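For reference, the structure discussed in these notes is given below.
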Amino acid sequence: MAAAAGSTIPSHIKGWVYSEYGKASDVLKLDPNVPTPELKEDQVLIKVIAAALNPVDSKRMLGYFKDSDTIPTVPGYDVAGVVVKVGSQVKNFKEGDEVYGDINEKALEFPKKVGSLAEYTAAEERVLSLKPKNLSFVEAASLSLVIETAYEGLERAGLSVGQSILVLGGAGGVGTQVIQLAKHVFGASRIAATSSTGKLDLLKSLGADLPIDYTKVKYEELPEKFDVVYDTVGEADRALKAIKEGGQVVTIVAPHPPAIHFILTSTGTILEKLRPYLESGKVKPVIDPKGPFPFSQVVEAFSYLDTHRATGKVVIYTIP
């Protein structure tokens, strides 16, 4: 039931829904009768063309945030698609615009009930950006949450030109972007990153000077120490042993003082700031080679994401 900009928008849409908490394989079902989201004044309605999965989707589905969440829910934070309707206060977008973004401004505080794993979703204009013309919808969908998280973490850690950084989980969704932003945007002089044996070449191709095989090397025992360690895997205790005096650890997994811990605030401002790096090709999306998965295989895509073995992002494409 595709709808181009300006054509009739259906009252009910297809979406992947869970009405109880659990693993995707147990609770996620395709529902042909999800009410189309009602548009608020500061929102746009997006015909979804691609969406990406994130670990936060799985945690939410398991009920980790149920104090600030409700079911039934259509999951999905990352979206790329076409604007088909705009709210009365929207200034920057019009029908027909190709946009992308992370639709949940506060990741864990009342995320949207109809996320991006549906034919249509609604989002505030402030969390969106125009899709870079050189990127496909699949590539754009893969970027928002992870590139914004990478950028915010590097800002909070205060990484500056000429400094060194160690990225823990360099082949994951956030890690692949941290390496590239550290190099091209923040001007790091030396980048180390950890991964399993088979992904070391990927780390090099993204700009890592020192790829570290975590199955063979304990990075905190290396003589070399770093100005910043960016922890995407939950090893802040080990990371604190790998920093120089006065260095910083930033983690996105769990609070572990004195490491800096944060939860992303989604904003299109970061996507706008990074547009030149994306359009020039200096910073690239990284999509797991098993994907993109078709809309009919969202459960399988979640099962793959939950193995924690994905490279870059798991993307869903051609949402009908």
Side-chain angles (χ1 to χ4, degrees), residues 1-3 9-10 12-18 24 28-31 34-40 43-61 65 69 71-85 93 97-108 110-131 135-149 173 264 266-268 271 285 287-288 291-302 305 313-320:
M1 196 191 293
I9 296 162
H12 289 76
I13 57 175
K14 279 188 234 165
W16 285 92
V17 177
Y18 56 93
L28 196 59
K29 308 281 187 271
L30 186 57
D31 184 343
V34 176
T36 301
E38 290 185 14
L39 212 55
K40 295 177 182 168
Q43 293 181 330
V44 301
L45 187 67
I46 301 163
K47 171 69 184 87
V48 181
I49 295 176
L53 309 187
N54 292 283
V56 67
D57 289 301
S58 295
K59 290 176 181 173
R60 183 184 177 197
M61 206 180 310
F65 321 127
D69 198 10
I71 46 179
T73 289
V74 174
Y77 284 62
D78 282 323
V79 71
V82 179
V83 174
V84 293
K85 191 177 179 185
F93 300 112
D97 281 347
E98 297 180 350
V99 297
Y100 77 123
D102 166 3
I103 65 171
N104 291 312
E105 188 168 26
K106 300 285 187 187
L108 311 185
F110 303 101
K112 293 183 170 59
K113 287 181 66 63
V114 180
S116 57
L117 291 172
E119 291 180 274
Y120 294 83
T121 192
E124 293 75 22
E125 72 170 331
R126 64 182 172 273
V127 301
L128 299 171
S129 177
L130 288 171
K131 178 179 76 64
L135 297 184
S136 68
F137 285 101
V138 164
E139 289 171 325
S142 77
L143 278 169
S144 306
L145 186 147
V146 291
I147 206 168
E148 290 179 43
T149 301
L264 175 67
S266 170
T267 169
L271 299 178
I287 296 167
D288 189 274
F293 288 78
F295 189 65
S296 59
Q297 290 182 10
V298 166
V299 171
E300 291 87 342
F302 266 112
L305 177 78
K313 289 296 292 287
V314 176
V315 183
I316 309 298
Y317 182 49
T318 315
I319 292 179

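The model shown is predicted, which means the values in this text are computed figures rather than measured ones.
The closest side-chain heavy-atom distance from Tyr18 to Pro72 is not below 4.5 Å. At a threshold of 4.5 Å between non-hydrogen side-chain atoms, the residues Thr36 and Leu45 count as touching. A heavy-atom distance below 4.5 Å is not found between the side chains of Pro292 and Val314. Between Glu125 and Gln43 there is no side-chain heavy-atom pair separated by less than 4.5 Å. Residues Leu30 and Phe295 have side chains in contact (heavy-atom distance under 4.5 Å, counting atoms from C-beta outward). Looking only at side-chain heavy atoms (C-beta outward), Asp69 and Phe110 stay at 4.5 Å or farther from each other. Using a 4.5 Å cut-off on side-chain heavy atoms (C-beta onward), Val315 and Phe293 make no contact. In this structure the side chain of Val56 reaches within 4.5 angstrom of the side chain of Phe65, judged on heavy atoms.
Looking at every heavy atom in both residues, Ser116 comes nearest to Val48 through O-CG1, 3.4 Å. The two residues Pro55 and Leu305 make their nearest non-hydrogen contact at N-CD2, 4.0 Å. Counting all heavy atoms, side chain and backbone alike, Ile103 lies closest to Gly115 at CD1-CA, 3.7 Å. Across all their heavy atoms, Gly76 and Asp57 have their closest contact at N-OD1, 3.0 Å.
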Return all side-chain donor-acceptor pairs below 3.5 angstrom for residues 140-149, not counting sequence neighbours, or 'none' if the list is empty.
from   : atom 1 : to     : atom 2 : distance (Å)
Ser142 : OG     : Glu139 : O      : 2.6
Ser144 : OG     : Gly101 : N      : 3.2
Glu148 : OE1    : Thr267 : N      : 2.9
Thr149 : OG1    : Leu145 : O      : 2.6

Stepwise side-chain contact (heavy atoms from CB on, under 4.5 Å) check, Val82 with Ile46:
CA-CA 5 Å; Val82 179; Ile46 301 163; 5.9 Å; no
Step-by-step side-chain contact (heavy atoms from CB on, under 4.5 Å) determination, Tyr100 to Leu271:
CA-CA 9 Å; Tyr100 77 123; Leu271 299 178; 3.8 Å; yes
Test salt bridge (charged side-chain N to carboxylate O under 4.0 Å, His left out) on Asp78 and Lys313; report intermediate values, then the result.
CA-CA 11 Å; Asp78 282 323; Lys313 289 296 292 287; 2.7 Å; yes
Steps toward side-chain contact (heavy atoms from CB on, under 4.5 Å) verdict (Val114, Val34)
CA-CA 8 Å; Val114 180; Val34 176; 4.1 Å; yes
Please test Glu119 against Lys47 for salt bridge (charged side-chain N to carboxylate O under 4.0 Å, His left out), starting from the C-alpha separation and ending with a verdict.
CA-CA 6 Å; Glu119 291 180 274; Lys47 171 69 184 87; 5.1 Å; no
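Counting non-hydrogen atoms of other residues, nucleotides and ligands closer than 6.0 Å to NZ of Lys112 gives a total above 12. Other residues, nucleotides and ligands place more than 12 heavy atoms under 6.0 Å from the NZ atom of Lys29.
Under the side-chain hydrogen bond (donor to acceptor under 3.5 Å, both in side chains) criterion, Ser58 pairs with Asp306, sequence neighbours left out.
Here the side chain of Ser129 pairs no donor or acceptor atom with the backbone of Gly268 at under 3.5 angstrom. A donor-acceptor distance shorter than 3.5 angstrom exists from the side chain of Ser266 to the backbone of Asp102, with no hydrogens or angles considered.
Between Asp31 and Lys14 no salt bridge is recorded (no basic side-chain N to carboxylate O distance below 4.0 Å).
With values rounded to the nearest 0.5 angstrom, Leu117 atom CG is found 6.0 Å from Ile316 atom CD1. Here the straight-line distance linking atom NZ of Lys131 with atom OG of Ser136 works out to 7.0 Å at 0.5 Å rounding. With values rounded to the nearest 0.5 angstrom, Trp16 atom CH2 is found 10.5 Å from Met61 atom CE. Distance check: Asn104 CG to Arg60 CZ gives 6.0 Å after rounding to the nearest 0.5 Å. Between atom CG of residue Leu28 and atom CZ of residue Phe302 there is a gap of 6.0 Å, rounded to the nearest 0.5 Å. Note that CG of Leu128 is 5.0 Å distant from CZ of Phe93, once rounded to the nearest 0.5 Å.
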